[in-house]
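In what follows, a structure is listed as structure tokens, so that the remarks can point back to it.
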Amino acid sequence: MSSRKNNTILINEEAYGALELIHNQIFSKFNRLMNEKEAQEVYETGFLNGEPMPYSFILAPFGKRNQECLKNAKSGDKIELLKDDKIVGHIVVDSVFKFNQSKKYQNIFHANETIQTELIQSGELAVSGKFEIYSDIFKRVKEEIATVKNELNAQKITAVMLTAEPFNRAHERLIRMTIDKADIVLLFLLKSYKSDWEIEFGLKKRVMEYFSQNYLPKNRLIIVPFENSNLFSAHMNPTLECIAANSLGADKLVVGQNHAGIGMFYDQNVAHTILEKYKEALKLEIIVLPELVYCNECRTIVSTKTCPHGQHHHIKYHTSTLKALLQQGILPPAILMRRDISAMILSEVFQNRFKNLQKLYDDLFPNSGLLENHTEREFYEELMQLYQTTSLT
């Protein structure tokens with residue numbers, strides 16, 4: 001047991017997520033932990049082996065135990081990766097070297113600006129070499145993309161990145177607009193971070209699968225779950241978003257005009273972004289969509305670019321507002337979220353909320369006269385239907 005402890009590195013959720021993405025070649029065909037020479041090339045050029053590489057892949061684990069492990073490590077040693085008392089992968093040591101602290105913000109493990117500093121501290125020593133992460137999520141996604149691409153003979157693949165918390169009508173319109181011009185849409189479902197109240201990732205994924213199965217043509221939307229990393233959550237790093245989209249075969253990336261990190265500027269009436277450096281290398285077209293709102297004059301969802309009415313006629317799809325309603329157990333209006341999706345979320349978040357659901361259901365809603373058992377999800381859907389009755393309103 002003592003011997004095993006000496007050959008183990010403890011990692012947190014954020015480090016695990018980054019390692020999972022590197023291992024599955026989401027950032028690059030290069031999927032090892034870099035040595036000093038490779039990292040230096042990245043720092044100086046922003047490329048490695050001809051590929052865009054804005055960050056080095058250097059693991060310098062913080063903590064006395066982790067650093068002791070590296071001090072004793074020799075080339076060829078196998079070091080296990082431990083997260084939450086579970087072995088989640090291993091590294092085969094190539095070299096151990098001193099980590100250049102002055103370059104830590106050019107390191108993938110420090111790329112998330114939203115993470116608290118104490119969660120991403122680095123040690124003095126770093127390790128390079130091949131590694132494995134014992135997860136097949138991205139392997140399954142890649143296989144699905146390849147299968148669907150072959151079945152549809154897909155030529156146009158577009159990526160969209162959403163936290164979808166909660167999934168609303170504006171998200172739906174964005175996806176439909178994207179599908180109209182693509183053979184396949186890759187939906188990168190992102191993890192939320194630093195939120196007062198979060199919808200559990202598994203529930204978000206089930207909502208997206210439900211929407212895809214019931215409201216979209218078959219095999220046109222593929223969900224790519226980024227469950228273990230916050231690197232994309234705040235949309236602070238569009239370069240990584242573009243590289244990830246390109247790595248999975250997309251030729252277009254759709255972003256909103258309010259994207260936090262896009263850094264758009266204009267030169268001679270031509271739009272440019274901070275992504276210009278990698279534009280040629282990635283061969284990726286960036287589509288910047290205007291904001292979508294509900295206009296009570298147009299009586300539909302419109303873009304702020306095409307609607308002639310002022311902002312005082314617009315209802316905006318603020319996720320914080322929708323979450324505030326759901327957090328209190330209130331159904332958002334149907335113009336903001338589909339009633340069946342609201343019902344799906346509330347029935348899982350507030351399980352067994354009503355003491356006598358059957359009586360409540362029978363008292364409120366018309367029925368066939370037969371005794372039927374109903375779920376809380378059905379109750380919310382019927383309640384929204386009642387809200388939408390217009391003859392007495």
Side-chain angles (χ1 to χ4, degrees), residues 21-22 24-31 47 49-54 136-164 167 170-190 205 208-226 232 235 237-257 259 262 264 270-290 292 301 303 305-306:
L21 294 169
I22 295 168
N24 286 282
Q25 300 181 314
I26 304 299
F27 293 141
S28 164
K29 289 174 184 169
F30 185 96
N31 64 346
F47 286 82
N49 301 330
E51 286 189 285
M53 190 74 71
D136 63 353
I137 292 172
F138 288 107
K139 180 184 176 185
R140 294 199 306 268
V141 169
K142 285 182 174 183
E143 287 172 353
E144 183 183 359
I145 293 170
T147 301
V148 173
K149 189 176 178 181
N150 185 54
E151 287 176 357
L152 300 180
N153 191 26
Q155 305 299 315
K156 300 175 184 176
I157 301 177
T158 302
V160 178
M161 297 211 173
L162 289 180
T163 52
F167 182 69
H171 293 146
E172 179 178 333
R173 178 62 62 90
L174 184 150
I175 289 171
R176 291 187 188 280
M177 289 164 64
T178 306
I179 285 178
D180 276 342
K181 299 182 183 295
D183 299 319
I184 302 173
V185 172
L186 304 181
L187 176 73
F188 288 73
L189 187 59
L190 309 180
K205 186 168 179 282
M208 293 310 310
E209 288 168 344
Y210 170 82
F211 172 74
S212 178
Q213 290 162 9
N214 289 277
Y215 296 108
L216 293 178
K218 187 181 178 184
N219 288 340
R220 296 294 298 281
L221 182 77
I222 296 175
I223 299 166
V224 183
F226 280 6
F232 304 95
H235 291 300
N237 204 320
T239 307
L240 286 180
E241 293 185 12
C242 291
I243 290 172
N246 179 258
S247 295
L248 289 175
D251 48 35
K252 288 182 184 177
L253 174 66
V254 172
V255 298
Q257 68 174 9
H259 192 296
I262 201 71
M264 182 172 284
V270 177
H272 297 275
T273 74
I274 61 172
L275 305 170
E276 297 293 316
K277 179 177 181 180
Y278 298 122
K279 196 172 180 181
E280 286 304 311
L282 289 175
K283 298 287 189 291
L284 189 76
E285 184 182 351
I286 311 295
I287 308 295
V288 182
L289 291 182
L292 296 173
I301 297 175
S303 82
K305 214 172 181 179
T306 60

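Model, not experiment: these values are computed from the prediction.
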Where [X] and [Y] come nearest, the two heavy atoms and their spacing:
X: K205; Y: I223; result: O-CD1, 4.4 Å
X: L284; Y: K252; result: CD1-N, 3.6 Å
X: K305; Y: P290; result: CB-CB, 4.0 Å
X: L292; Y: A170; result: CD1-O, 3.6 Å

> Under the salt bridge (charged side-chain N to carboxylate O under 4.0 Å, His left out) rule, what pairs show up with a residue in residues 171-182, not counting sequence neighbours?
Replying inline: E172-R176, E172-R338
>> Tell me whether E144 is salt-bridged to R140, with the criterion being a basic N under 4.0 Å from an acidic carboxylate O.
In response: no
Hey, does [Y] have a side-chain heavy atom less than 4.5 Å from the side chain of [X]?
X: S303; Y: L289; answer: no
X: I175; Y: M208; answer: yes
X: V254; Y: T178; answer: yes
X: N24; Y: S247; answer: no
X: S28; Y: N49; answer: no
X: I184; Y: I222; answer: yes

>> When you measure from the side chain of E51 to the backbone of K29, do you find a donor-acceptor pair of N or O atoms at a distance under 3.5 Å?
In response: yes
>> Tell me if a side-chain donor or acceptor on N214 pairs with a main-chain N or O of Y210 at a distance below 3.5 Å.
In response: yes
If you measure from [atom1] on [X] to [atom2] on [Y], what distance do you get to the nearest 0.5 Å?
X: I243; Y: L253; atom1: CD1; atom2: CG; answer: 11.5 Å
X: T158; Y: D251; atom1: OG1; atom2: CG; answer: 6.0 Å
X: Q213; Y: L221; atom1: CD; atom2: CG; answer: 10.5 Å
X: L282; Y: N246; atom1: CG; atom2: CG; answer: 5.0 Å
X: F232; Y: T163; atom1: CZ; atom2: OG1; answer: 13.5 Å
X: L240; Y: L21; atom1: CG; atom2: CG; answer: 9.0 Å

> Should D183 and L152 be marked as a side chain to side chain contact (heavy atoms under 4.5 Å, CB included) after you check the CA-CA gap, both sets of side-chain angles, and the distance that decides it?
Replying inline: CA-CA 8 Å; D183 299 319; L152 300 180; 5.6 Å; no
> Among F188, F27, F226, whose ring pair (Phe, Tyr, Trp, His ring centres under 6.0 Å) with F138 holds?
Replying inline: F226
> Are F167 and F211 near enough that their ring centres are under 6.0 Å apart?
Replying inline: yes
> Within a reach of under 6.0 Å around NZ of K142, are more than 12 heavy atoms found that belong to other residues, nucleotides or ligands?
Replying inline: yes
